[in-house]
Amino acid sequence: MAARPMAADGSDSEARLELSQGIGFLVGRLHRRLRAHWERSIADLGLSAPQAAALRAAQQNPGVPMRALARALGTDPMNGRRLALALERLGLLEIRGSRSDVRAREVFPTPAGTELAIRLDQRARAQQRALIEELGEERAAALRMLLERLEFALGEDRGGLSWQPADDPQTGSEAGPC
C-alpha cells in the first residue's frame, strides 16, 4: 500500500484537501466570514449579530412568541430568551405576556427598537446587494435555491416567521445574514 502524501507540517495533505472540499466545511467557513463581515458593518450600532437578527425578526413580526423567535433564529428557547432580555434591557424590545396563552411571552419592538431595526435592515440590504452584484443575479438565485434545498433536506425549520422585507423583492426572502 502506497504512503499518503504528507504536508510540510507533517499532517495528511489528502485529509486536509478532502476537508476543505466538503460542503459542510465550505458552508461553515462561508458563514464565519459572512458573520464577521456583518458584525464589522454593524459594530457602531452596539449589537451583536444574534441581537441584530432578533431585533429585526421582532420588528418584522411584532408580538412573536419568544419560542417562535428562537426557532426562527435557529437557537434554543433559553438562548432566544437571553437575546430578548438583553434587547429589553437596551430599551429595544418589550416583552409582554400573551393574551391567548398565560405561559407564553411575546416580544414587541419599542420605538427605539423599530428605528434601529430599520437601520439594520438598510445595512443588511446593502450587504445583500453587494453579494448579488458579486455573484450576478442568476447565480445568487441559484445559490439561494440550493442552500434552501439543503436546509430543507436537513430538516431545519425557521419557525414560520416572515423574514421578507415587504417592499424589496430584489433582496430575496432574507435581507442580509443573521
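The side chain to side chain contact (heavy atoms under 4.5 Å, CB included) search around L143 returns L135, L147, not counting sequence neighbours.
The minimum heavy-atom distance linking D121 with Q60 is given by the pair OD1-NE2, 3.9 Å. Shortest non-hydrogen contact noted between L93 and A58 is CD2-CB, 3.6 Å. Heavy-atom minimum distance, A140 versus I132: CB-CG1, 4.0 Å. Taking every heavy atom of both residues into account, A54 and L69 meet most closely at O-CD1, 4.0 Å. For the residue pair E106 and G97, the shortest heavy atom distance occurs at OE1-O, 4.4 Å. The two residues A52 and W38 come nearest to each other via the heavy atoms CB-NE1, 4.2 Å.
Atom CZ of R105 has more than 12 heavy atoms from other residues, nucleotides or ligands within 6.0 Å.
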Please evaluate residues L73 and N79 with respect to the criterion side-chain contact (heavy atoms from CB on, under 4.5 Å), reporting the C-alpha separation (whole Å), side-chain torsions for both, the decisive distance (0.1 Å), and the verdict. CA-CA 10 Å; L73 296 173; N79 199 29; over 6 Å; no
Test salt bridge (Lys or Arg N to Asp or Glu O under 4.0 Å) on E148 and R144 and set out the steps. CA-CA 6 Å; E148 287 176 345; R144 180 171 185 79; 3.2 Å; yes
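At distances below 3.5 Å, at least one donor-acceptor pair connects side-chain atoms of R123 with backbone N or O atoms of S41. In this structure, the side chain of R32 engages the main chain of G28 through a donor-acceptor pair within 3.5 Å. Within the 3.5 Å criterion, the main-chain N or O of A57 finds a donor-acceptor partner in the side chain of N61. Judged by distance alone, with hydrogens and angles left aside, the side-chain atoms of T110 form a donor-acceptor pair with the main-chain N or O of L92 at under 3.5 Å.
Counting only heavy atoms from C-beta outward, the side chains of I95 and L87 never approach each other to under 4.5 Å.
Here the CD-CG distance, from E115 to L120, works out to 11.0 Å after rounding to the nearest 0.5 Å. In this structure, CG on L90 lies 6.5 Å from CG on L47, to the nearest 0.5 angstrom. For the atom pair L45 CG and I42 CD1, the distance stands at 6.5 Å (nearest 0.5 Å).
Note on M145: it does not cluster hydrophobically with F152, by side-chain heavy-atom contacts below 4.5 Å among ILVMFWY residues. Hydrophobic clustering of Ile, Leu, Val, Met, Phe, Trp and Tyr side chains at less than 4.5 Å, counting indirect connections, unites L154 with I23. Placement of I118 and L55 in two distinct hydrophobic clusters is found when ILVMFWY residues are connected by side-chain heavy-atom separations under 4.5 Å, directly or transitively.
Comment: R96 engages E94 in a salt bridge, judged by a side-chain N to carboxylate O separation of less than 4.0 angstrom. The pair R35-E39 counts as a salt bridge, with a side-chain nitrogen and a carboxylate oxygen less than 4.0 angstrom apart.
With P77 as the partner, the side chain to side chain contact (heavy atoms under 4.5 Å, CB included) test is satisfied by one option alone out of R82, R71, R67, M66: R67.
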